[in-house]
Amino acid sequence: MKSYDPNKIEAKWQKKWLELGIYKNYNKDKKFYVLDMFPYPSGAGLHVGHPRGYIATDIISRYKLLQGFSVLHPIGWDAFGLPAENYAIKNKIHPKIAVEKNIITFKKQLKKFGFTYDWDKEINTTDPEYYKWTQWIFLKMFEKGLAYESNEPVNWCPNCKTVLANEDLEKGLCERCKTQVIQKKMRQWVLKMTNYADRLLYDLNLKELNWENSIIEQQKNWIGKSEGVQFEIKIKNSLEKIEVYTTRIDTVYGMTYAVIAPEHPIIEKIKKGIKNYSEVEKYLIQAQKKTEFERTELQKEKTGIELKGIKAINPFTEKEIPLFVADYVLGFYGTGAIMAVPSHDERDFEFAKKYNLPIKHVILMENPCDSENLVDWKQELIDKKHWWWKHDYCYTKDGMLFNSKLYSHFSSEQARDKITEWLEKKGIGKRKINYKMRDWVFSRQRYWGEPIPIIHCEKCEAVAVPENQLPVKLPEIKHYEPTGTGEGPLATIHDWVNTKCPKCNKPAKRETNTMPQWAGSSWYYLRYIDSKNNKSLIDKKLEKKWMPVDLYIGGAEHATRHLLYARFWHKFLYDISVVSTIEPFKKFMYVGLILAKDGQKMSKRWNNVINPDDVINQFGADSTRLYEMFMGPFMQAISWSVDGIKGTRRFLDRIWKLQKNLIKTEEKSTEILMHKTIKGVTEDIEQFKFNTAISTMMIFINKAEKNGTTIANYESLLKILSPFAPHITEEIWEKLGHKKSIFLSTWPKYNVELIKDDKINLVIQINGKVRDIVIVNADILEKDAKKIAMKSEKIKTYITNKEIKKTIFVPKKLINIVI
RNA sequence: GGUCCAGUGGCGGAAUUGGUAUACGCGCAACACUUAAAAUGUUGUGUCCAAAAGGCAUGUGGGUUCAACUCCCACCUGGACCACCA
């Protein structure tokens, strides 16, 4: 027998599988759609971390295939966007050429793993035939009023020279280049994602949605629903009023001042009444210059300025309170104005301390109604039990109201209801729901993206490009560097920009901004299903057949961006009847990062990148696949180690050698172990516990190597190993005389009767400590177990002359004697 | 600062409706094979003790229990996400 030579057999089977197309049986009764987050073909190529998720989906694909499913397992390229463009600029290659080159590298690398991808379904977001439909979705949104032009201040990255969405920021820095982002008023396209906020939140609770909890929590936090009250505060001697938003209306009697954001429009209206306007103006200019990062830096002291000569009226007490402008109030959230309650809000507290503003307590830490001295409540009890209330102390939790006129004695919860009712009755306030999530800023002033299919006409304003003119192709261009003017580089191509208005036929200009990187990936899972369709986005029958995606695997870092955007688009497509499911991804699993040996992220910068090609050349694809799954729990980040992979290679060597150790009749225990192994591996795959699935098979080979095993068991072993190590198992399968691929066979079943243990190790404990272990029948009764325990020599030494208080018997497990 | 998750041998890790802690792999040591090495195989490998018997060990300190890696409380350390969202 020749020794195991992975390089030879892997190339052979990769070629054969492609020729035979064994994965492409799409007509079975049961379907399974398994999806990888498609890669971004960067210039660096793949490192060993990328394939971890792909290996898992490949294991699931082959496993489902063996269980008789039609499996859709596609791959494609998410190739628009800043990294590709920056790489191209740096290396002075056109992004299109760079992307094409990178895709070739990526493909070559991926193919070495022997994945089940159906390459006929390959897609590329930069292909006009693909982005035609990305543009089409945008136009549908435009048609429904969900895509609109806005002039609000937006995040501008001075380095990338483009606007960014909220989701593209990392602590106020540009997620790509870590430059501080500034706020800039610019015309831009925005998608009304907030219209879907409630559904995006609510549907996360669907039973059918089987997502990792931490991802669901992250999305919920990002959407950030808060239920509160919005009410108006009058300005003294003026018809103007400001609307404030609060979730703690129960603390309203503690309001000692009010604050508006620097960008609040009322400042302009009451300008004349502000006595210190020149100083206020200075502050406004200063605040505007601050980056969002500085503004939200928590450690930074709060700043603000009082609008002298202006007084606000607390509608509850009718008392005058000062009004401040301060940039700790955010213009974009709620109403851009707040009631300030320093006694029960930490930010207001900090501000009040700095500017010496009164602090009035209205919430008690605990409910004195619970105490017996209900009658004596009021001052005495407060003084005694709640010494803090006169002092500088900020209590932010719910409690019981006092100092709140007729609402005193109420709990925070009751008070919120009652006070809101009062506001509603008076017509000066109402319940209001706010979200942290903002609308999606959708235009980029860059070249390498889908052109936004809009034509600007002086008379007709923004007009949709007619559907039959899609795609609006991205024109060839000499200089694709960003301009920094707010227009995209496309603005320089006059032939392209100047066109006619589709409505009135007069001269008009094309939109020169492009779509963000996340556009193409927001619906790509649909295109795989019907990748060649040029009449519609997707055929209805095919959509019904394959959707939803049964399993989606990718990085956890996409929890609040890609996954949110894709769900948003999917719900829109549902509303316009393009898709039939309300959620796109039934199950989502995230894959843990593979770190370099030093515990850092793999990056060219640290010079610690491991290229999978090298690993495969040395150990083979099967060993590499096996090791990436064996190294630790799937969702956990883990460091790469060369030593570990030696172990999985040895394991495959032993699988190979077992061919010559096949026997006619084997010990019963080997057969039983085989069935236990099948059970273990099946259950572990279902639960994504690939590491223990592999160790289960290792346990079997340890025994089979010693005692020998039958060909029937060996074939079962090959089958359950085949999703993990497809090449070696296929090769041995062929050597054993099979004419058809192992992946056209069926997943082995285990015999439930056989794996029932009739003998067990009964643990005998004294006071919970293991003192002896005896082999007994599995169905042993308590009284018999006790007898056996008492007979044990080891136990005797412990119980002689001791009183036995009680014994605890756990069937099939142990007996514990308490003395 | 908030939320969530984690902490087990020399290393990666296994075990949770509470019931034999350290499976499996790596590494290490001894032996076999070899002129030798690599590869392979066999045996051993938590810690204390020369060994046995036994004691002690799942970040730290408490608690619940016949029994705690698993549940509860407090703390320490590390990671992820969010971060003035009223």
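Proteins get letters first, then strands, A, B, ... in listed order; numbering begins at 1 in each.
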Phosphate OP1/OP2 of B:rA14: any A:Asn691 side-chain N/O under 4.0 Å | yes

Cationic tip of A:Arg438 within the cone over A:Phe332's six-membered ring, i.e. under 6.0 Å and within 45° of the normal?
-> yes

Using only side-chain N and O atoms of A:Ser226, determine if any of them is under 4.0 Å from OP1 or OP2 of B:rA86.
-> yes

Involving RNA chain B, stems made of at least three consecutive Watson-Crick or G-U pairs, both distances under 3.5 Å = B:1-7 with B:76-82, B:10-12 with B:24-26, B:27-32 with B:40-45, B:46-48 with B:54-56, B:59-63 with B:71-75

Phosphate OP1/OP2 of B:rA80: any A:Lys601 side-chain N/O under 4.0 Å = no

Any A:Gln636 side-chain N or O less than 4.0 Å from OP1/OP2 of B:rG13 | yes

What interatomic distance, in whole Å, is found between P of B:rG25 and the corresponding atom of B:rA14?
-> 15 Å

Does A:Phe351 have A:Lys302 sitting over its ring (NZ/CZ under 6.0 Å from centre, angle to axis within 45°)?
-> no

Select from A:Val818 and A:Glu346 the residue whose nearest nucleotide in RNA chain B is closer to the 5' end of that strand.
-> A:Glu346

Hey, does the side chain of A:Tyr333 come within less than 4.0 Å of B:rA86's phosphate (OP1/OP2), counting only N and O?
-> yes

A:Tyr328 side chain vs A:Thr303 backbone, donor-acceptor pair below 3.5 Å | no

Side chains of A:Met193 and A:Glu167: closer than 4.5 Å at any heavy-atom pair?
-> yes

Determine: side-chain N/O of A:Arg650 to OP1/OP2 of B:rC24, distance under 4.0 Å, yes or no.
-> no

Does some side-chain heavy atom of A:Thr807 sit less than 4.5 Å from a side-chain heavy atom of A:Ile804?
-> yes

Give one of base, sugar-phosphate or nothing for A:Asn702, where a contact means two heavy atoms less than 4.0 Å apart.
-> sugar-phosphate

Restricting to nitrogen or oxygen on both sides, can you table the protein-nucleotides 51-56 of chain B pairs closer than 3.5 Å?
| unit_1 | atom_1 | unit_2 | atom_2 | d |
| --- | --- | --- | --- | --- |
| B:rG55 | OP1 | A:Arg771 | NH2 | 3.2 |
| B:rG55 | OP2 | A:Arg771 | NH1 | 3.4 |

Among the nucleotides B:rG25, B:rG19, B:rC24, whichever has the atom closest to the side chain of A:Ile808 is B:rG19

Scan A:Asn761 against the nucleic acid and name what it touches under 4.0 Å (heavy atoms): base, sugar-phosphate only, or nothing.
-> base

P spacing across the pair B:rA67 / B:rC81, given as an integer number of angstrom | 42 Å

What do you reckon, are the aromatic ring centroids of A:Phe324 and A:Tyr257 less than 6.0 Å apart?
-> yes

Would you say B:rC66 has OP1 or OP2 under 4.0 Å from some side-chain N or O of A:Lys806?
-> yes

Expressed in whole Å, how much space separates the P atoms belonging to B:rG79 and B:rG13?
-> 15 Å

